[in-house]
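These numbers were taken from a predicted model, which means no experiment stands behind them. In the text below, chain A, chain B and the rest are named by the order of the sequence lines, each starting its count at 1.
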Amino acid sequence: VLNVDLQTDATLQVDISDALSERDKVKFTVHTKSTLPNFKQNEFSVVRQHEEFIWLHDSFVENEEYAGYIIPPAPPRPDFDASREKLQKLGEGEGSMTKEEFTKMKQELEAEYLAIFKKTVAMHEVFLCRVAAHPVLRKDLNFHVFLEYNQDLSVRGKNKREKMEDFFKNVVKSADGVLVAGVKDVDDFFEHEKTFLLEYHNRVKDASAKSDRMIRSHKSAADDINRIASTLYTLGTQDSTDVCKFFLKVSELFEKTRKIEARVAADEDLKLADLLKYYLRESQAAKDLLYRRGRALVDYENANKALDRARAKNKDVLQAETSQQVCCQKFEKISESAKQELIDFKTRRVAAFRKNLVELAELELKHAKGNLQLLQSCLGVLKGDT
Amino acid sequence: MNAYIAYKVSTRTTLPMFKNRTFSVWRRFSDFLGLYEKLSVKHSLNGCIIPPPPEKSIVGMTKVKVGKEDSSSADFVETRRAALERYLQRVVCHPSLLQDPDVREFLERDELPRAVGTHTLSGAGFLKMINRASDAVSKMTVKISDSDAWFDNKLQEVESEELQLRKLHAVVESLVNHRKELCGNTAVFAKSMAMLGNSEDNTALSRALSQLAEVEDKMETLHQEQAASDFFILAELLADYIRLLGAVRGCFEQRMKTWQRWQEAQSTLQKKREVEAKLLWANKPDKLQQAKEEITEWEGKVTQYERDFDRISVTVRKEFLRFEKEKSKDFKSQIVKYLESLLQSQQRLVKFWEAFLPEAKAIG
């Protein structure tokens, strides 16, 4: 499970204790343990769906108070389409394969479905844990409602018009983003962060896509070894000659090695691909923070210019002064918290990469040694027989 | 001027029938096909299992992307070279075929006259002929004698084995293709990791990511070598035996044809006897004489065809048992070789990751 090395404490602990996959939706049981006085009980659970997580995330993004924080990225939508399609295809092709082959493939696909399921649970959980670990966000009222209110939050998914509005907002934002990014920052720290994040985000995106492709090929190869094992088994059972016995032993070996290969692909997926995907989303959230700060800076500079003009004309000076002060405070507040957020982001990132890369290496070693042992013992037996 | 590829065939021998102990000749692909044709013409009627040569068209036979699809690509030439080598080794392992002067000439003679008509009778062409013949014969579901149960069973085994080998071959080819795909995707991923490492501003993490990129690069080489093993050791073994089993079926069909010929001769003889009987009653002395001569002729044929059938049955049986032994040895040795290549891959993997682990732990 992806671990982003978060500080948790006893005052607020959140996890997803259970999940149920229904036809077209997943129901997550969000379990909270807290000593905070805001909650009626110390321990309680509610059932939430994906749309409610999105509602919570969007409420953070839209809240001006949180403009100076990296908003924990929203979990991706649970997507079982590919897996369902495969299971369906298997059902259709049932007549064209032996009972053993069918049972085997069905088990494989069910395991795949389960893995996707576990992943989506993990990603929704990480989101909640990030919020719970954040000193300010954990106090958010919507968050508490999300955790405690045991009825449906009735947040329907966005309708077509709202989705269009979002789309245009993003277009404006990216156009804006270009504008804002063009303005060189007085502050070296932020100037460096801007350059760094732009490049880092793009490269993480690239690495993420490529890791997915690599892992898919790996899974395909493991599937082929599975089918080889089955066919060798069929060949081995045709007779009891010693070449048939040979086939049976080799078939057994391939059965075991392909399980290991499948695990290798799955571990690469969890420790590498998921890690990259997560930092793709987090680096985007960090960029969004920089954008908001950039916007605040532009507003501040415009307010300064307006104040100068007002003083020059000696008209609405007080109004301009107030406006300028508000912009200044907003900008400074965002800058201060943004600096800390970006430093924390780096710390978290380094820790997460370290943990996952170490675990990846340890698992790869474990699996390679496992394969090695299987091959050595099988070869010992086969060579001994001839 | 036609450019063609010539293969060097080198022999090392202590057999007295050869002029020298070591010698080499240059042969082109059509020469190998020509040899097969000559051997088929001479020996297949005896029930000999003639090893078939590799397919003429690589594209037709395999779904594996063997480099560029032109006959000059290095992959294509190597695949063919290896296949021709296995083909010749099977021929010279066969005790009767080795004695054939055409084989000796193929190995020894400096200049071989160009084989003509080999475009019509490549391995695939011959197999097509066999398949058509076997369709006709399999329509007769007669049991010849008690010992025939053995032949029936063996033919069934061969057919079912061929089916499974075809299935296995298709899956192994799929594996080769996926491994090649994995190889390419790993290389691309390694580059993107290197780029990510470059832009990472934490020094230790940046270093570790670069090291990871190097590990992935090494994995790419590993996958490539593994794909080559999958193909040259496993896939080609299966392809060879699919062709060989076709040749074995051909032998069994040949025996059936011989039996058919004997049966037809017996029924012809019977008819001749009936004619004679009728003529005896009709009292036609000249025609009667002719009839008696024909009867003698056909009695001779019946005896000869019966002997032919007995002889071919013995040969086919002997050939089949020899084939089974060879097949068993071949599969065992090739599969062991394949597993050893897998073992080496895993050993190298262990080394790569053992080297990387301290780098990962050094982050932070």
Side-chain angles (χ1 to χ4, degrees), chain A residues 192 196 199-200 202-204 206-211 213-218 220-221 223-225 227-228 230-232 234-235 238-239 241-243 246-247 250 253 257 272 276 346 349-351 353-354 357-362 364-365 367-369 371-372 375-376 378-379 382-383 385-386, chain B residues 157 160-161 164-165 167-168 171-172 174-179 181-186 188-189 191-193 195-196 198-202 204-205 208-209 212 215-216 223 234 324 327-329 331-333 335-336 339-340 342-343 345-347 349-350 352-354 356-357 359-361 363-364:
Chain A
H192 167 81
F196 164 73
E199 191 186 66
Y200 187 81
N202 286 337
R203 292 188 179 181
V204 152
D206 191 49
S208 172
K210 288 170 181 169
S211 76
R213 272 207 284 276
M214 179 181 78
I215 291 166
R216 258 203 301 274
S217 302
H218 209 144
S220 300
D223 285 341
D224 288 331
I225 299 175
R227 289 192 289 154
I228 290 173
S230 296
T231 317
L232 277 176
T234 311
L235 271 167
Q238 309 259 285
D239 204 342
T241 57
D242 56 311
V243 80
F246 187 88
F247 284 152
V250 177
L253 170 71
T257 58
L272 201 50
L276 292 169
K346 192 172 314 266
R349 183 175 80 242
V350 172
F353 269 81
R354 183 188 191 280
L357 289 180
V358 167
E359 285 175 359
L360 174 72
E362 286 173 344
E364 293 266 7
L365 258 176
H367 294 319
K369 285 183 177 163
N371 262 337
L372 202 56
L375 283 162
Q376 276 164 341
C378 183
L379 272 168
L382 292 178
K383 282 185 183 171
D385 281 353
T386 47
Chain B
E157 278 175 24
S160 114
E161 189 170 27
Q164 292 305 319
L165 287 186
K167 250 173 103 178
L168 190 58
V171 186
V172 171
S174 173
L175 176 63
V176 173
N177 284 333
H178 282 137
R179 266 224 239 263
E181 201 181 86
L182 176 58
C183 176
N185 288 340
T186 306
V188 163
F189 174 67
K191 283 196 187 77
S192 77
M193 275 321 262
M195 294 287 274
L196 185 65
N198 273 344
S199 53
E200 174 56 62
D201 59 0
N202 175 293
L205 178 55
L209 289 173
L212 181 64
V215 170
E216 295 293 341
H223 292 314
L234 214 51
E324 289 282 282
K327 184 182 75 178
S328 175
K329 211 169 67 174
F331 268 91
K332 283 186 191 174
S333 78
I335 290 181
V336 163
L339 294 182
E340 282 172 343
L342 288 179
L343 189 119
S345 284
Q346 296 299 317
Q347 279 168 334
L349 262 179
V350 168
F352 296 159
W353 291 107
E354 275 178 345
F356 176 73
L357 190 54
E359 297 287 339
K361 287 188 169 160
I363 301 170

Selection from A:Asp239, A:Ile225, A:Val243 maximising heavy-atom pairs under 4.5 Å formed with chain B: A:Val243
Side-chain donor or acceptor of A:Arg213 paired with backbone N/O of B:Asn185 under 3.5 Å: no
Of B:Lys332, B:Lys327, B:Lys329, the residue whose pairing with A:Asp242 passes salt bridge (charged side-chain N to carboxylate O under 4.0 Å, His left out): B:Lys332
Considering all heavy atoms, the nearest B:Ser199-A:Phe196 contact: O-CE1, 3.1 Å
Proximity breakdown for B:Leu209 and chain A, heavy-atom pairs closer than 4.5 Å: side chain
Any residue meeting side-chain contact (heavy atoms from CB on, under 4.5 Å) with A:Asp206, in chain and number order, not counting sequence neighbours: A:Lys210, B:Ser192
Stepwise side-chain hydrogen bond (donor to acceptor under 3.5 Å, both in side chains) test for A:Ser220 and B:Glu181: CA-CA 10 Å; A:Ser220 300; B:Glu181 201 181 86; 5.1 Å; no
A:Asp224 to B:Ser174 - nearest heavy-atom pair and separation: OD1-OG, 2.9 Å
Part of B:Ser160 lying under 4.5 Å from any heavy atom of chain A: both
A:Leu365 to B:Val350 - nearest heavy-atom pair and separation: CD2-O, 3.6 Å
Heavy-atom pairs under 4.5 Å with chain A, option from B:Gln164, B:Glu340, B:His178, B:Lys167 with the top count: B:His178
Where A:Arg354 and B:Lys361 come nearest, the two heavy atoms and their spacing: NH2-O, 2.7 Å
A:Leu276 versus chain B, the contacting section by heavy-atom distance below 4.5 Å: side chain
Which atoms of A:Leu372 approach chain B - backbone, side chain, both or neither, heavy atom under 4.5 Å: both
side-chain contact (heavy atoms from CB on, under 4.5 Å) partners of A:Val250, counting only residues at least two apart: A:Leu232, A:Phe246, A:Phe254, A:Leu382, B:Ile335
